[in-house]
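Computed over heavy atoms, backbone and side chain alike; hydrogens, waters and symmetry mates excluded. This one's a predicted model, so the numbers in the text were calculated from it and none came from an experiment.
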Amino acid sequence: MSFNYDPSNSTDKDLVRFKLDDVVESDLSIPDETIDAELTRTGSVTATILSCGQALYLKLLKKAKELDLGSQKRIYGNRARELKDLLDEWTQNGVPGISEPAPLAMAGGTLEEPDITVYQDLLGNL
């Protein structure tokens, strides 16, 4: 899997990475191939940001759950919570700086909790 990011945001893929703050390869990142596939599948930068954002959110939750160290668990848990809040806002109101609206299938909704007890266990005990 590959990772490329150009800070000039000259491509839709770069814009997706920028909006999700997925710009450092050593962090948990979404592979280029996944972003490209989502851009093709959805035909929408906004829908790709939301779907890749949900994938990144789930990766962060999983990483936080796997860690036993309190400070690292807190870092990944906080990043997951912040990303979920952003994705919920963007799902309802659109992504700032992107002229296309939230896709109809996502408009007015919020991210589904993958498992609310896991989420509460991770973030409630930080």
Side-chain angles (χ1 to χ4, degrees):
M1 298 289 178
S2 60
F3 178 95
N4 293 290
Y5 174 68
D6 177 359
S8 70
N9 296 327
S10 60
T11 67
D12 288 344
K13 179 176 57 188
D14 294 330
L15 187 56
V16 169
R17 285 200 184 285
F18 174 73
K19 288 294 184 179
L20 295 176
D21 194 27
D22 184 28
V23 298
V24 178
E25 184 175 9
S26 61
D27 288 348
L28 290 173
S29 62
I30 304 296
D32 287 346
E33 295 82 0
T34 301
I35 296 172
D36 290 337
E38 281 299 293
L39 285 166
T40 299
R41 185 184 70 81
T42 65
S44 163
V45 173
T46 298
T48 299
I49 289 169
L50 295 174
S51 64
C52 287
Q54 186 169 18
L56 188 57
Y57 162 69
L58 294 173
K59 277 184 165 186
L60 290 167
L61 278 181
K62 181 180 178 185
K63 186 69 172 178
K65 184 174 174 26
E66 291 171 354
L67 292 171
D68 288 332
L69 303 173
S71 63
Q72 286 296 312
K73 183 176 184 172
R74 186 175 310 118
I75 289 168
Y76 284 105
N78 285 340
R79 283 186 60 200
R81 181 176 34 214
E82 290 166 2
L83 180 57
K84 183 191 178 303
D85 290 345
L86 265 179
L87 293 171
D88 285 346
E89 180 182 325
W90 293 345
T91 298
Q92 293 179 21
N93 302 318
V95 180
I98 307 288
S99 59
E100 58 187 45
L104 290 178
M106 297 179 176
T110 59
L111 252 142
E112 294 293 321
E113 298 291 346
D115 180 341
I116 192 66
T117 57
V118 171
Y119 183 74
Q120 287 171 338
D121 286 348
L122 284 173
L123 301 179
N125 299 321
L126 298 179

Examine distances only and state if a side-chain atom of K19 and a backbone atom of T46 form a donor-acceptor pair shorter than 3.5 Å.
no
Closest heavy-atom pair, S29 versus V24, reported as atoms and distance to 0.1 Å, is CB-O, 4.5 Å
Are R79 and E82 within salt-bridge range, i.e. N to O under 4.0 Å?
no
Any idea which heavy atoms bring I35 and T48 closest together, and the distance?
O-CG2, 4.0 Å
D12 side chain to V45 main-chain N or O, any donor-acceptor pair under 3.5 Å?
no
What heavy-atom pair brings A64 and G77 nearest, and what distance separates the two atoms?
CB-N, 3.8 Å
Measure across I30 and C52 and return the closest heavy-atom pair with its distance rounded to 0.1 Å.
CD1-O, 3.8 Å
dist Q54:CD -> L20:CG (nearest 0.5 Å) comes out at 11.5 Å
Going through the distances and angles, do L50 and T42 end up as a side-chain contact (heavy atoms from CB on, under 4.5 Å)?
CA-CA 11 Å; L50 295 174; T42 65; over 6 Å; no
Taken to the nearest 0.5 Å, the spacing of D32 CG from Y5 OH works out to 12.5 Å
N/O donor-acceptor pair under 3.5 Å between E33 side chain and M1 backbone:
no
Would you call D88 and K84 a salt bridge, taking side-chain N to carboxylate O under 4.0 Å as the test?
yes
For T40, what residues pass the side chain to side chain donor-acceptor pair (under 3.5 Å) criterion, not counting sequence neighbours?
none
Heavy-atom closest pair, residues L83 and L60
CD2-CD1, 4.1 Å
Can you list the residues that meet the salt bridge (charged side-chain N to carboxylate O under 4.0 Å, His left out) rule with K59, with sequence neighbours excluded?
none
Tell me, do P7 and F18 make a side-chain contact under 4.5 Å, heavy atoms counted?
no
Shortest non-hydrogen pair, Y57 vs A80, comes out as CD1-O, 3.4 Å
So, using salt bridge (charged side-chain N to carboxylate O under 4.0 Å, His left out) as the criterion, who are the partners of D22 when residues are at least two apart?
R17
Out of curiosity, L15 CG to D6 CG, how far, rounded to the nearest 0.5 Å?
11.5 Å
